[in-house]
Engineer: 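Mind having a look at this structure? Questions to follow.
Residue numbers start at 1 and run along the sequence shown.
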Amino acid sequence: MRIAVIGGGPGGLYFAYLWKKRHPEDQVDLFEQNPADATWGFGVVFSDQALEFLRADDPETVDAIAPHMESWENITLNLGGDSVAIDGVGFSSIGRLELLRFLQQRALDVGVTPRFDTQIHAIDQLNGHDLIVAADGLNSLVRRAYEGDFGTSLSYSSNKFVWYGTSKRFDTLSQTFVKTDRGAFNAHHYRYSPAMSTFLVECDHATWQAYGFAYKDVEQSKGICEEVFTDTLGGHCLVSNKSVWRNFPWVWNEHWSFKNMVLLGDALHSAHFSIGSGTRLAIEDAIALVKALESDAHLATALHRYQAARKPVVQKLVNAARTSAFWYEHFAEHMKLDLMDFAYSYITRSGRIDDARLRAMSPAFMARYEAAKNGGDEA
């Protein structure tokens, strides 16, 4: 079989690697419009559960990247100068570019043919390929060419966000909420290497307007964010990399394949950064697609199996992500709560965690929360 993979992000690279490793007789051509060392963003994060999912199918890859990852076992919330830790929520992170380089080498080692700096302008360029895997992100050429056939829907969250890095090292995945005289901000921050952290800044549309961000350039916006989070950054600067204000896009497709074309990752669906990594979902899509293709020699049947097996899982995650995103769209209101009620509201925001699960997962936090609710000392 001859396969074309469009998109050299983690999902496309991982599918190409996994398929070629298991089917060395097949030809796998990977097309990426950017240079091999180009990337936006900074770090990517995986929950412990996500890494275990990957380990079950490909322990060799997890064992290889694990020494390069930063890990921690709790979340820290900062509100009004006070902090609370939510224990038992394990995550690991790695630099996006480091992950891409690792997966690029993995794909090369098994014989994938990568074509960087190569833009596909029309599907006709890929005539002769038996299967086209569209892993080309939110602006997918394949999806946009056949939106009606894929049943595509697109909408946007109302909040604005901008993605930075910083040399400030944070101990855990943290959330810092700050109120100013013109509105409220939130920063999602976590280390992804010994010397760097991701620092994503978010605010509602009213705050964004009040600060005039629409009329600020990249450096001016960065300066305002550094001022808002001066205590959090502790003298460190923010680092830009295509760091522009955006609204989070909600992409969904009712049909995951059309003819010999199939979608995965952000080309197929998006899940809000507050609940899960797009990288994790793309890699899991790649695993599911490989399994489906191996389950049936008839391509159309195999692609149907991919959707049937994976869609309910993704739908559940996306629904939880939408609920989580709604909480963030109103985080300024939640900031009026006291610290422990705020933390409880945060950790239960997606609707997937109840008190019983919290007691099992985060016993130290729940002990502190229940003591506060019963009139005890929060500390």
Engineer: Look at the rings of H189 and F170 and say which category their plane angle falls in: under 30° parallel, 30 to 60° tilted, over 60° perpendicular.
Structural biologist: tilted
Engineer: Can you check whether Y344 and Y369 have ring centres sitting under 6.0 Å from each other?
Structural biologist: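 When the ring centroids of Y344 and Y369 are compared, they turn out to be within the sub-6.0 Å range.
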Engineer: Determine the minimum heavy-atom distance between A271 and L281, stating which atoms define it.
Structural biologist: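 Smallest interatomic distance, heavy atoms only, reads CB-CD1, 3.5 Å.
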Engineer: Test L293 against L303 for side chain to side chain contact (heavy atoms under 4.5 Å, CB included), laying out the working first.
Structural biologist: CA-CA 7 Å; L293 291 169; L303 295 180; 4.1 Å; yes
Engineer: Cation-pi check for W256 against R310: NZ or CZ below 6.0 Å from the six-membered ring centre and within 45 degrees of the axis, yes or no?
Structural biologist: no
Engineer: Out of H205, H330, E202, which residue meets the side chain to side chain donor-acceptor pair (under 3.5 Å) rule with N159?
Structural biologist: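 The residue from H205, H330, E202 that satisfies side chain to side chain donor-acceptor pair (under 3.5 Å) with N159 turns out to be E202.
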Engineer: Go through the steps for T152 and Y146 under the test side-chain hydrogen bond (donor to acceptor under 3.5 Å, both in side chains), then give the verdict.
Structural biologist: CA-CA 9 Å; T152 304; Y146 298 99; over 6 Å; no
Engineer: Can you tell me if Q119 uses its side chain to pair, donor with acceptor, with the backbone of E32 under 3.5 Å?
Structural biologist: no
Engineer: Can a donor-acceptor pair be found, under 3.5 Å and without considering hydrogens, that links the side chain of K311 to the backbone of E254?
Structural biologist: yes
Engineer: Are the ring centres of Y164 and F42 closer than 6.0 Å?
Structural biologist: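 Not close enough - the centres of the two rings lie 6.0 Å or further apart.
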Engineer: Would you say that T176 contacts D231 through its side chain, given a criterion of any heavy-atom pair below 4.5 Å between the two side chains?
Structural biologist: no
Engineer: Has T118 got a side-chain atom pairing as donor or acceptor with Q33's backbone, closer than 3.5 angstrom?
Structural biologist: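 Not confirmed, T118 side chain does not pair with Q33 backbone.
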Engineer: Using a strict threshold of under 4.0 Å (side-chain N to carboxylate O), is an ion pair present between E70 and R169?
Structural biologist: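 A salt bridge is present here (some side-chain N lies under 4.0 Å from a carboxylate O).
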Engineer: Would you call the rings of Y328 and Y346 parallel, tilted or perpendicular, taking 30° and 60° as the class edges?
Structural biologist: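 Y328 vs Y346 ring planes: perpendicular.
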Engineer: I'd like to know whether NE2 of H23 has more than 12 heavy-atom contacts from other residues, nucleotides or ligands below 6.0 angstrom.
Structural biologist: yes
Engineer: Just wondering, more than 12 heavy atoms not from K259 lying within 6.0 Å of its NZ?
Structural biologist: no
Engineer: Kindly give the heavy-atom pair with the smallest separation between S270 and L138, and that separation in Å.
Structural biologist: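 That closest heavy-atom pairing would be CB-CD2, 4.2 Å.
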Engineer: Tell me, please, whether F150 has R143 positioned over its six-membered ring: NZ or CZ under 6.0 Å from the ring centre and within 45 degrees of its axis?
Structural biologist: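 Checked: cation-pi criterion not met.
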Engineer: Same hydrophobic cluster for V178 and L77, using side-chain heavy-atom links shorter than 4.5 Å among ILVMFWY?
Structural biologist: no
Engineer: I'd like to know if the side chain of S243 and the backbone of N241 have a donor-acceptor N/O pair within less than 3.5 Å.
Structural biologist: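 Answer holds: yes.
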Engineer: Side chains of D26 and W19: donor-acceptor distance under 3.5 Å anywhere?
Structural biologist: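 A donor-acceptor contact under 3.5 Å links the two side chains.
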Engineer: Any heavy-atom pair between the side chains of F199 and T232 that's under 4.5 Å?
Structural biologist: yes
Engineer: Does E370 come within less than 4.0 Å of K373, counting only side-chain N to carboxylate O?
Structural biologist: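 So E370 does not pair with K373 through a salt bridge.
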Engineer: With K160 as the cation and W208 as the aromatic partner, state whether NZ or CZ is under 6.0 Å from the six-membered ring centre and within 45° of the axis.
Structural biologist: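 Positive - K160 is close enough to the ring of W208 and near enough to its axis.
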Engineer: Give a yes or no on whether a salt bridge exists between R144 and E147, defined as a side-chain N under 4.0 angstrom from a carboxylate O.
Structural biologist: no
Engineer: Salt bridge or not between D109 and K21? Use side-chain N to carboxylate O under 4.0 Å.
Structural biologist: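 K21 and D109: not salt-bridged.
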Engineer: Over 60° means perpendicular and under 30° means parallel, so tell me whether W327 and F342 are parallel, tilted or perpendicular.
Structural biologist: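 Tilted: the ring planes of W327 and F342 meet at 30° to 60°.
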Engineer: Decide if atom CD of Q49 counts as having more than 12 heavy atoms of other residues, nucleotides or ligands within a radius under 6.0 Å.
Structural biologist: no
Engineer: Going by the ring pair (Phe, Tyr, Trp, His ring centres under 6.0 Å) test, name the single residue among F331, F177, Y211 that passes it with F185.
Structural biologist: Y211
Engineer: In terms of hydrophobic clustering (I, L, V, M, F, W, Y; side-chain heavy atoms under 4.5 Å; direct or indirect links), are I283 and V290 co-clustered?
Structural biologist: yes
Engineer: Specify the closest pair of heavy atoms between P10 and T279, including all atoms of both residues, with the distance to one decimal.
Structural biologist: CB-CG2, 3.7 Å
Engineer: Could you give me the CA-CA distance, side-chain angles and deciding distance for S324 and S274, then say whether side-chain hydrogen bond (donor to acceptor under 3.5 Å, both in side chains) is met?
Structural biologist: CA-CA 7 Å; S324 176; S274 67; 2.6 Å; yes
Engineer: Kindly work out whether a path of hydrophobic side-chain contacts (I/L/V/M/F/W/Y, heavy atoms less than 4.5 Å apart) joins L108 to V112.
Structural biologist: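 In one cluster: no.
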Engineer: Give the C-alpha distance, both sets of side-chain angles, the deciding distance and a yes or no for side-chain hydrogen bond (donor to acceptor under 3.5 Å, both in side chains) between T323 and S350.
Structural biologist: CA-CA 5 Å; T323 305; S350 69; over 6 Å; no
